[in-house]
Amino acid sequence: MYTVPQIEAARLPGLLRAMPKAELHMHIEGSLEPELIFALAQRNGVALSYADVESLRAAYAFTNLQSFLDIYYAGASVLLTEQDFYDMAMAYLERAVADNVVHTEIFFDPQTHTARGVAMAPVIQGLHKACVDAEKRWGISSQLILNFLRHLSEEEALQTLDEALPYRAYFSGVGLDSSEVGNPPEKFARVFARCKDLGLRRVAHAGEEGPPAYIWGALDLLHAERVDHGVQAVHDAALMQRLKDERIPLTVCPLSNQKLQVFPDLADHNMPQLLAAGLVATVNSDDPAYFGGYINENFVQLFAATGMGSDEAYQLAANSFEASFVPQSRKQAWLGQLQMAFAEAARQS
Ligand code: ADE
Ligand code: ZN
């Protein structure tokens, strides 16, 4: 049994930044920084309804999920070519490496692009090539997870799956995102059943703004192996017990929750409660270009606001490896690296 070294509070931010970690909930379109949005708009001759980078950034004052999604889909409208998708993903992967992310499972929203006349090929191939090049250049491993937009119909999701299947080798799983309330998981039961038959891994956003019933639905009707967000689970004791017993991970996104007013004050975030209940909770950035920080910023601000310490830091990093879709042997190797990072921090303390 491993005993976590206790690291003094002043050294905790450094440890949070230095420790190896996996990121499992990050929408690649949400990593588009305003500067890159304007650069791509210019390269592609796309008109934007904001005059410059500053006025676009000034519009990032969100009241709920939908107020964010409206701006997020507008930002994605500059993406047209394989090179655009490649550049966007390389920028994220380089940033993730700087945060000591050793593995990432990247969400992408093909329907946001195919609906504008962009073909599936440049989307998936551009993202895939970036994943390959980033691993060669920086050693970071990645997988792609295709997300269906839940505000659209299941027929459209099934059609999207068909369009993506020629590139089946390039994505490991599917997910469900976009406007949650009013679009319950049961809407997508057939497409997720088909994905399961195809051997695809399954995740779903549930319990971000929506009720615990949507988390039950994600598990029972979509056969989700991980729940994205899931923070509303605390309102249902039986659900908490199930998540704990079955070790179903939650990919939690603290700065997203703060910016979208799920927990307007980060000090009120329920991460300490999720960990104390024994859940496999993880920290992720969701849409880092829009919510004020990449994964390390999520860790550092969450710990500063809630007063969590080195036990929770270790648990969250270990959880991120456990929750990832990689073979057990790689998880074990990452745990070894994690313990070395803690030993190094303890030596400096
Ligand atoms: N798409 C991008 N970010 C999202 C979020 N936080 N919830 C639902 N859909 C999203
Ligand atoms: Zn998300």
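We count ligands from 1, going down the list as the structure has it; atoms in each ligand are counted the same way.
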With a 4.5 Å cut-off on side-chain heavy atoms, are [Y] and [X] touching?
{"X": "Val283", "Y": "Met271", "answer": "yes"}
{"X": "Asp162", "Y": "Arg194", "answer": "yes"}
{"X": "Tyr50", "Y": "Pro34", "answer": "no"}

Worksheet entry | Subset of ligand 1 atoms that lie under 4.0 Å from at least one heavy atom of His229 | 6 (N)
Item to complete: Please identify which atoms of ligand 1 are closer than 4.0 Å to at least one heavy atom of Phe68.
Response: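 Contacts of ligand 1 toward Phe68, numbered from 1: 2 (C), 3 (N).
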Discussion item. To check your reading of the site, what angle at the Zn ion (ligand 2) do NE2 of His27 and NE2 of His25 form, to 10°?
Written reply: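 Value returned, to the nearest 10°, is 110°.
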Among all protein heavy atoms in this structure, tell me which lies nearest to [atom], with the distance rounded to 0.1 Å.
{"atom": "atom 6 (N) of ligand 1", "value": "Asp286 OD2, 2.7 Å"}
{"atom": "atom 4 (C) of ligand 1", "value": "His27 NE2, 3.6 Å"}
{"atom": "atom 9 (N) of ligand 1", "value": "Ser178 N, 2.8 Å"}

Between [X] and [Y], do the side chains contain an N or O donor and an N or O acceptor separated by less than 3.5 Å?
{"X": "Glu23", "Y": "Ser285", "answer": "yes"}
{"X": "Ser141", "Y": "Arg330", "answer": "yes"}
{"X": "Asp311", "Y": "Gln315", "answer": "no"}
{"X": "Tyr73", "Y": "Ser178", "answer": "yes"}

Item to complete: Classify the angle between the aromatic ring planes of His27 and His25 as parallel (below 30°), tilted (30 to 60°) or perpendicular (above 60°).
Response: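 Aromatic pair His27/His25 classed perpendicular.
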Item to complete: Report yes or no: does Cys253 have an N/O/S atom closer than 2.8 Å to the Zn ion (ligand 2)?
Response: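 Given the 2.8 Å cut-off, Cys253 does not count as a ligand of the Zn ion (ligand 2).
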Item to complete: Please find out if the Zn ion (ligand 2) and some N, O or S atom of Asp287 are separated by less than 2.8 Å.
Response: no
Worksheet, complete the sentence: For the Zn ion (ligand 2), the nearest N/O/S atom on Asp286 is atom OD1
Please classify the [X] to ligand 1 contact at 4.0 Å (heavy-atom distances, strictly less than): side chain, backbone, both or neither.
{"X": "Glu208", "value": "side chain"}
{"X": "Glu29", "value": "neither"}
{"X": "Leu69", "value": "side chain"}
{"X": "Phe107", "value": "neither"}
{"X": "Leu65", "value": "side chain"}

Worksheet item: Given the rule that I, L, V, M, F, W and Y join up when any side-chain heavy atoms are under 4.5 Å apart, are Leu93 and Leu24 in one cluster?
Response: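 No.
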Discussion item. Whether the side chain of Lys21 engages the backbone of Leu16 through a donor-acceptor N/O pair (distance < 3.5 Å, no angle test) should be reported.
Written reply: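 Here the side-chain-to-backbone pair exists.
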Worksheet item: Looking only at N/O atoms, are Asp287 and ligand 1 under 3.5 Å apart anywhere?
Response: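 Yes, at least one N or O pair falls under 3.5 Å.
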Practice prompt. Report yes if some N/O of His25 lies less than 3.5 Å from some N/O of ligand 1; otherwise report no.
Written response: no
